[in-house]
Each structure stands twice: as structure tokens, then as C-alpha cells.
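For reference, the structure is listed below as C-alpha cells.
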Amino acid sequence: MAELNPGWIRSCRTAEVTNEMIGKRLTLMGWCHKQRDLGGLIFITLRDRSGEVQLVLDEDSPAAMRDKAASVRSEFVLAVQGILRKRSSVNPDMKTGEVELWVEDLRILSTAKTPPFYIEDDAGANEALRLKYRYLDLRRPVMQENLILRHRVTKLTRDFFDVEGFLEIETPLLIKSTPEGARDYLVPSRVFPGHFFALPQSPQLFKQLLMVAGYDRYFQIARCFRDEDLRADRQPEFTQIDLELAFAGQSEIMDINERFISMLFKEVLGRELALPFPRLTWQQAMSRFGSDKPDLRFGMELHDISDLAADSDFRVFQAALSAGGSVRAITVPHGADISRKEIDSLAEYVKTYRAQGLAWLVPSDLPRGSILKFVDADLIKKLAERCDASTEDLILIIADSSDDIVLTSLGELRLETARRFGLIPEGKWEALWVTEFPLFEYDEEEKRLVAKHHPFTAPMLEDMGLLDTAPEQVRAQAYDIVVNGVELGGGSIRIHDQDMQNKMFSLLGLGPELVEERFGFLLEAFQYGVPPHGGIAYGLDRLMMLLAGESSIREVIAFPKVQNSSCLMTGAPGIVDNDQLMELSLFVQHKKDETTTPDDIDEDRE
RNA sequence: GGCGCAGUAGUUCAGUCGGUUUAGAAUGCCAGCCUGUCACGCUGGAGGUCGUGGGUUCGAGCCCCAUCUGCGUCGCCA
């Protein structure tokens, strides 16, 4: 049965015992990782977040304590007092394997049910179970390491930006909904019936107002919310390292930030990233890698073979080209012996990215491929030269009337084939900046231009003249930082001119009344002396995922949500009492013609 | 909203062509024994809504339909 702590104070954590403490009387507390009862001799491995240490009870231990120890099960919470001694049989695999605590007094502070999975790194439990019992999952050493690392990274972040002259300033979580961007999470106002706060998608407007207010270097480790579908690298609530600088241009911002990232990699991974980071324009990144976040750890760049494809008799190529599209290819090194089955599988893969199909060619002496009927020996030679392909390589070709589909599907194919063929080197870190993003992109659904980054991003000065004539060609003073194909962060120089900002809103199709309603306070602020400013925001969760070597951000978030945005541990979101709804002047209209009150639903609820 | 994968003991899984016992294995759990274990060992035992609901069939863990849950992904994510 559970006992009270008789006022004992821990001497140290379990794995913090040292050989120097041998012979000393220590008080330790923690969880029973494993109890081994050999009859007259009982071992208990005591665990806490520092690691483990072995407890031992033998014939010299008080009999009552031996009996108690015999009843100890996994995950019981224990407090023990005893003498630290050198072990007679050392365990070299254990950090504290040379010592053990000989127990004189043992208190069971808490008993425990048998956990649904082992509290070990290779627990092997499925993720739903882990998330339901997240507090047990978080006891696993690998999860504790991840969260401890996260603590270290946020501390390094605060220290770095502090030294650089940044102030950490909090911004509100209950803010005004903005029409652009992702779906907002809404919070009803009790005081103003029918009015809603939104949770911030980012502190964007507030950090710009802080620049107006004269806090010329701001940063914040900020919670952000976007009501959109989840992915392995996306949660509805996530954390940004958010910063903004006044009086600084793009090069100064990039300089500070690549020093920041390189500092983190040095401190956390012990890796030196060469400064400055390479830079690619968005155009270059798209045409060479088919991605705005290229993974530079390996080659396999895209080749434009449109002109050569025009000389083939392949109807698919001709159709794509005459419709204004392109034909592009990648070369898979040593891919010549690929099977039809594997080709089919890759063709299936690119279809998810809206590519119609996949052509292939092995330019060996006895060429193989799906387009042999349409290309002669001379053309094969030219294609191989253009694609830098040897007779042992495989050329994969995508054609489409949309150049965008060709580029993105081929870019994804580049990543997928590299993964399948094991061409991505482990332990390599390749950081870069991607710059000169388009300012706008066309929204097919809304039939209008939308901001690619956000509506406060400044156009490049060289392209100002295109704003009225060809806005889709205007490039932005925007930049993303990318490491190993992961977009870690992105930012821009902001518009700090009221007229320019108004023009931007108008190009985005936002009427003056809407602008006044949503952004009036920003435009008004711009009348009171705005320094030029710009900033960047990092996805802390993605950064942690990369540094911890995980493939899902859920592994570096203490209490993550699942794909439908619910929490398996708490059951959130939940229904609320009618009284609560009434206080907020809310009425829930359920779909499927049924007007059910929450209380009715409650009846059916488990 | 679309596509794909998964769901069988507490857990991780196997389960052949739809038919042999009471649906198995490992691990965990429980009991007994055990003085140097650390994946302790040995002996014995308990433990199942085969995700759920229909259907086909003489017969369904297995086939069909629907549905729920989790994961991946497209759309979406300024």
C-alpha cells in the first residue's frame, strides 16, 4: 500500500550518483523500472529522467523491507534510503553500473497498475495507444531526451537573440480574425453576442506594430493556431520562433538567422554549417529540383528536355508541348536494371501529384524503355547527354501541359526514387536560402490572386513596375530557410508604406471597407512613423524534429493532437453545457437535419 | 472531401484454399521456487466482443457491403 514520504529529501537523481558517493548514505526516489526477486536477494532498477540506478536488498536488509521490496511492481513510485556501495558484478552497459544502493529503508509512495506498454525505447506500441497514455509514453527515455533537447533549444534561442539585442515580448492569443490565410480557430465573445475572437495563425500584425512602437528587435516563442488538416509535420497548434527587426534589410536578417541556425547545429549536433548558406532563387529551386524546399544532400537534378522531346514522335510529348507545357527528366544513377513493377509503382506515385504518366529510358547499348518506338538512336544519345546519364543509369521523364505539374511531380519523384534507391546520405546537413518567391499565386477556386507569403510582404523593387501590368510575375522580398528538404522557416521584408499596403490589398481583391474593418488599425499605425522592417518565423516543431532525428513532429511535442485534431488522452474537443452556450449566445445547428442539443448527444456518449 | 495502409490476448504479432480439437506464439501479468540479477532463471496458471454492424454460406478471424479508429498522403496549410 502507498506510504507517505516521511520528510525525506532526495540526495540527487538516480543516475546522478557517482563513485565518489560510495559509502555514503543516500536518499533516492523514482519509479521502479524492473524488480528482480532472486529469493533471498532482490534487485530493483530505479528510474527517473536522469536515468537508472540499481537498488539491492539482501539478508542484511531489514526483513520488513525485504518483504516490501518483494511486492514492488513495475512503475511503483519508491523512496529509498541506504548506503551506496560498489557492485560485486559490474554492468558495463549502465551509466551507474559500477554502484548500487544497498537499501535500509524503503517506502512505496505510490503503487501502479501494469502499464499498457513497456516503458522502454523500443516499446513498439502503436501510436494511438501511446497518445492515449501519453504520460506513460513520455516516461520513455527517448521521449524524455526529445523534450529535454527541446528545452535546450528554446534556451539557446533565447540566449542567442538576447545577445543580438532582441526583446522577448508576448502578443495576444485572443485577436481579430483575418480574412486571408488558413482557417481560423474562433472563440466566441460573451460580452458581444455574435462576435468572435480568433486564435492567431502567427503574431504577424502585432510584431509589425511592435516595430512601429520602436521595439526594433523583437522575438517570441509563440503558439500559433491553424484549423487545417494535419500531417506528419503539421499540427493545428504549433510553436513558432518568431522575430522581427526594424531598420534591417534582407541581407542583415539572413546573416543573423544563418548564424542562429548554425549555432544550433553546432551546439546540438556538433556540426559546423558553412556560412553563408547557399542561396537559390525560387525559379532556380523549382527548375533544378522541382521544389521550393530542395533537399541538397544529393544531386539528381531536373533536366528540361522539351526541345529534344519535340523531335520525338511521342504523341504525349507533342501534346504537352503544344499546350504550352514542358517535358523534363531526372536521372537515377545505376537505375538501369529497374523492373517493370518498380516503374509501375513509381508511375502510380507521380499520379498522386497529378502527373498523367511516367516515361522511362535506359540509354544503354541495347536501350530499354517505354518510349523506344518514338526515339531514334541519335535522340537517345542526345537525351543521355542532356540528362548526364550513362548506360547504367535510368532516365525518368514527365510531360504535361502544365509546367507546374511537371516540376512538382518530378521533384517529388526525385525524392521518392532517392529514398527507394538509398541515395540520400545519412548524417549530412545541407542548409540553404530560397529567395525571390512570387509575390502572388492564382487561386483557382476563388478566381483571384492571393498572397503567396502574406499580404504584408514587400515586392522586389525591380518588379514594382509589373504590379499593374503582370502582377503574377512580381517577385517578393521573401526568403525561406531550408535544411535537408525541410522548410524550417520563412520571412520577408514588409511593406511599411500605407499607400503600398493599400495597393496590395486592392490587388488581392479586398475592398476598402473590408480592409478598413480588418486592417484599419495597421494602416492607421502606418501614419505615425513606421521604420522599414522585416522578419522571419521558424517552425520550432519541425526544427526539433530535424535536430532529434525524428520523422514526425508528434515525437517532439509533449501532448500532440491526432489527424482529426482531437486529443486521444483528454478527449478534446468536447461538448459543453447548454448553459455555457446560452451565455455565449450560441446555438448549435447539427448537420443531417437533426437539431440536437449537446445534452441530447451527451446521452449517447460513452 | 479523395486515395492507400493498419485494426486478432494487456502489448507486439502469426493465423495457409472459408472447415482438426477449446483461435496460437512471444512478451507482459498472477502464483510458487530461487543469493549477484540487470531481457534473471525454473515450474505452473489466468487472460479473446478476431474494431463495430450487416450480408453471403451448411460453416466466416478469413469473402462482400457499410461504418468507426489510427497512420501516411492529395486537396488544404496567407
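Convention: sequence-line order gives letters A, B, ...; per-chain numbering from 1. Reckoned from all heavy atoms, side chains included, excluding hydrogens, waters and symmetry mates.
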Hey, is [X] close enough to [Y] for a salt bridge, meaning N to O under 4.0 Å?
X: Glu75(A); Y: Lys113(A); result: no
X: Glu228(A); Y: Arg234(A); result: no
X: Glu237(A); Y: Arg223(A); result: yes
X: Arg475(A); Y: Asp463(A); result: yes

Answer yes or no: side-chain N or O of [X] and base N or O of [N] forming a donor-acceptor pair under 3.5 Å.
X: Arg85(A); N: G36(B); value: yes
X: Asn564(A); N: G70(B); value: no
X: Arg234(A); N: C77(B); value: yes
X: Arg87(A); N: U37(B); value: yes
X: Gln35(A); N: U37(B); value: no
X: Arg231(A); N: G75(B); value: yes
X: Arg73(A); N: C30(B); value: no

Looking at [X], does any N or O in its side chain come under 4.0 Å of the phosphate oxygens OP1/OP2 on [N]?
X: Gln54(A); N: C38(B); value: no
X: Arg554(A); N: G72(B); value: yes
X: Lys34(A); N: A39(B); value: no
X: Arg36(A); N: C40(B); value: yes

Same-atom distance ([atom1]) from [N] to [M], integer angstrom:
N: C50(B); M: G44(B); atom1: C1'; value: 28 Å
N: C65(B); M: U56(B); atom1: C1'; value: 11 Å
N: G72(B); M: G28(B); atom1: P; value: 30 Å
N: A25(B); M: G47(B); atom1: P; value: 14 Å
N: U37(B); M: C33(B); atom1: C1'; value: 16 Å
N: G2(B); M: U21(B); atom1: P; value: 41 Å

Comparing Lys452(A) and Leu568(A) on RNA chain B - which has the more 5′ nearest nucleotide: Leu568(A)
Pairwise 5' ranking along RNA chain B for Glu127(A) and Ala451(A), keeping only the more 5' one: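 Upstream on the strand: Glu127(A).
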Quick check for you: among [options], whose closest atom lies nearest to any side-chain atom of [X]?
X: Tyr353(A); options: C74(B), U37(B), C71(B); result: C74(B)
X: Ser74(A); options: C29(B), C34(B), C77(B); result: C29(B)
X: Ser88(A); options: G28(B), G36(B), C77(B); result: G36(B)
X: Glu100(A); options: G36(B), U11(B), G70(B); result: G36(B)
X: Ala232(A); options: U73(B), C77(B), G70(B); result: U73(B)

Within-4.5 Å side-chain heavy-atom neighbours: Lys68(A) and Met65(A):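 Touching, per the 4.5 Å side-chain cut-off.
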Touch class at under 4.0 angstrom, heavy-atom based, for Leu129(A) against every strand present: sugar-phosphate
Sugar-phosphate only, base, or nothing, as touched by Pro455(A) at under 4.0 Å among non-hydrogen atoms: base
pi-stack flag for Phe43(A) and U37(B), centroid dist under 5.5 Å, interplanar under 30°: yes
Candidates Glu244(A), Gln501(A), His533(A) - the one meeting side chain to side chain donor-acceptor pair (under 3.5 Å) with Arg494(A): Glu244(A)
